[in-house]
Enquirer: 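This structure is in structure tokens; I'll ask about it shortly.
Numbering starts at 1 and runs along the sequence shown. Just so you know, ligand 1 is whichever comes first in the structure, and atom 1 is the first atom listed for that ligand. Only this structure's heavy atoms are used, side chains among them; waters, hydrogens and symmetry mates stay out.
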Amino acid sequence: MSIIFTKIELKNLVSKKKQEGNTVGFVPTMGALHEGHASLISLALEKHPYVVVSIFVNPTQFNNAQDLEKYPRALEKDAQFLSNFKDRVIIYAPSPQEVYGTNISSTSYNFGNLENVMEGEHRPGHFDGVGTVLNLLFRQVLPDEAFFGEKDFQQLQIVRKLVQLEKLSLKITGCPIHRQENGLAMSSRNARLTEKQLAIAPFIYKSLQIAKKHFETKSALQLKKIVTTAFANEEGLELEYFEIANIKNLSPLSRKRKNQKYRAFIAAYAGEIRLIDNIALN
Ligand code: AMP
């Protein structure tokens, strides 16, 4: 298991693997790895002999300084976690300067309105930071295919758009959400939850399931009311948003249309920890 800290070393290793006839997959992460990340890596390894896993807490995508400061960091533990994958996984753990150079700032993107709803609306500048770092990382790693979790479904759609805008030649693949048995979507932020918060957090997924159950028979407005009321009665969780959106353009549902796919999205706070989740409705 090699950990690489510089882009030049990474470039040399990846080009060697490619010269030997291998394709290379890529799973970008912010570390504090869990089974959700492992599911992406396993899918990537089914398709590619080698997979680069980047571990980089990207400063430009945090709109809240405290969230950035408190984001869990555990490189040694992460390397241990990945050691099962042996030499087929290459860890890239660069410093901010290595990724950005001296100018650690975001490019301003127009993702065609994908960036203005839900996460974009509630975390100003977040997707500029995501787009900027992924554009840099894609060019440093030069993978054939990159894998992203549907856990961050809006991010996945934005990355597809980024690849078009930046004319990058890699394939983007979405991977299913990995959950605990009680339904809670795995997340690095779960490590910050108290026992009590861990016990109530599965309510987020339960609410999404309720929305799914009633999707055929109720309007978006009615579903929003059901979920909002349920959260108002749930102590310890504060709903930031519940939205139902078309999966292509993520615009909120006004009237259901045939042959269109929809998902429901939630962001909620357990104390100061912000959690997100979503579900396919049809
Ligand atoms: P993060 O380290 O949270 O930035 O996540 C890195 C990648 O792992 C992103 O593509 C996430 O969508 C994905 N991911 C995180 N948690 C999960 C999960 N529970 N199931 C599937 N993918 C996930």
Enquirer: Only pairs under 3.5 Å count here: list side-chain donor-acceptor contacts from residues 208-218, not counting sequence neighbours, and write none if there are none.
Expert:
{"unit_1": "Lys212", "atom_1": "NZ", "unit_2": "Ala280", "atom_2": "O", "d": "2.7"}
{"unit_1": "Thr217", "atom_1": "OG1", "unit_2": "His214", "atom_2": "O", "d": "3.3"}

Enquirer: Mind listing the side-chain donor-acceptor pairs of residues 225-236 below 3.5 Å, one per line with the distance, residues two or more places apart or on another chain?
Expert:
{"unit_1": "Thr228", "atom_1": "OG1", "unit_2": "Lys224", "atom_2": "O", "d": "2.4"}
{"unit_1": "Thr229", "atom_1": "OG1", "unit_2": "Lys225", "atom_2": "O", "d": "2.6"}
{"unit_1": "Asn233", "atom_1": "ND2", "unit_2": "Thr229", "atom_2": "O", "d": "3.2"}

Enquirer: Might you work through the salt bridge (charged side-chain N to carboxylate O under 4.0 Å, His left out) test for Lys47 and Asp144, ending with a clear yes or no?
Expert: CA-CA 10 Å; Lys47 296 169 82 175; Asp144 296 282; over 6 Å; no
Enquirer: Please tabulate protein-ligand N/O pairs under 3.5 Å for ligand 1, atom names and distances to 0.1 Å.
Expert:
{"unit_1": "ligand 1", "atom_1": "2 (O)", "unit_2": "Met30", "atom_2": "N", "d": "2.9"}
{"unit_1": "ligand 1", "atom_1": "2 (O)", "unit_2": "His37", "atom_2": "NE2", "d": "2.9"}
{"unit_1": "ligand 1", "atom_1": "5 (O)", "unit_2": "His37", "atom_2": "NE2", "d": "3.4"}
{"unit_1": "ligand 1", "atom_1": "10 (O)", "unit_2": "Gly149", "atom_2": "N", "d": "2.9"}
{"unit_1": "ligand 1", "atom_1": "12 (O)", "unit_2": "Gly149", "atom_2": "N", "d": "3.3"}
{"unit_1": "ligand 1", "atom_1": "12 (O)", "unit_2": "Gly149", "atom_2": "O", "d": "3.2"}
{"unit_1": "ligand 1", "atom_1": "12 (O)", "unit_2": "Asp152", "atom_2": "OD2", "d": "2.6"}
{"unit_1": "ligand 1", "atom_1": "16 (N)", "unit_2": "Met186", "atom_2": "O", "d": "3.3"}
{"unit_1": "ligand 1", "atom_1": "19 (N)", "unit_2": "His178", "atom_2": "O", "d": "2.9"}
{"unit_1": "ligand 1", "atom_1": "19 (N)", "unit_2": "Met186", "atom_2": "N", "d": "3.4"}
{"unit_1": "ligand 1", "atom_1": "19 (N)", "unit_2": "Met186", "atom_2": "O", "d": "2.8"}
{"unit_1": "ligand 1", "atom_1": "20 (N)", "unit_2": "His178", "atom_2": "N", "d": "2.8"}

Enquirer: Please tell me whether Tyr109 and Glu166 have a donor and an acceptor in their side chains that are separated by less than 3.5 angstrom.
Expert: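 Looking only at side-chain atoms, Glu166 and Tyr109 do form a donor-acceptor pair, the distance falling under 3.5 Å.
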Enquirer: Which residues pass the ring pair (Phe, Tyr, Trp, His ring centres under 6.0 Å) test with Tyr100, not counting sequence neighbours?
Expert: none
Enquirer: Between the side chains of Thr6 and Glu9, is a donor N or O closer than 3.5 angstrom to an acceptor N or O?
Expert: yes
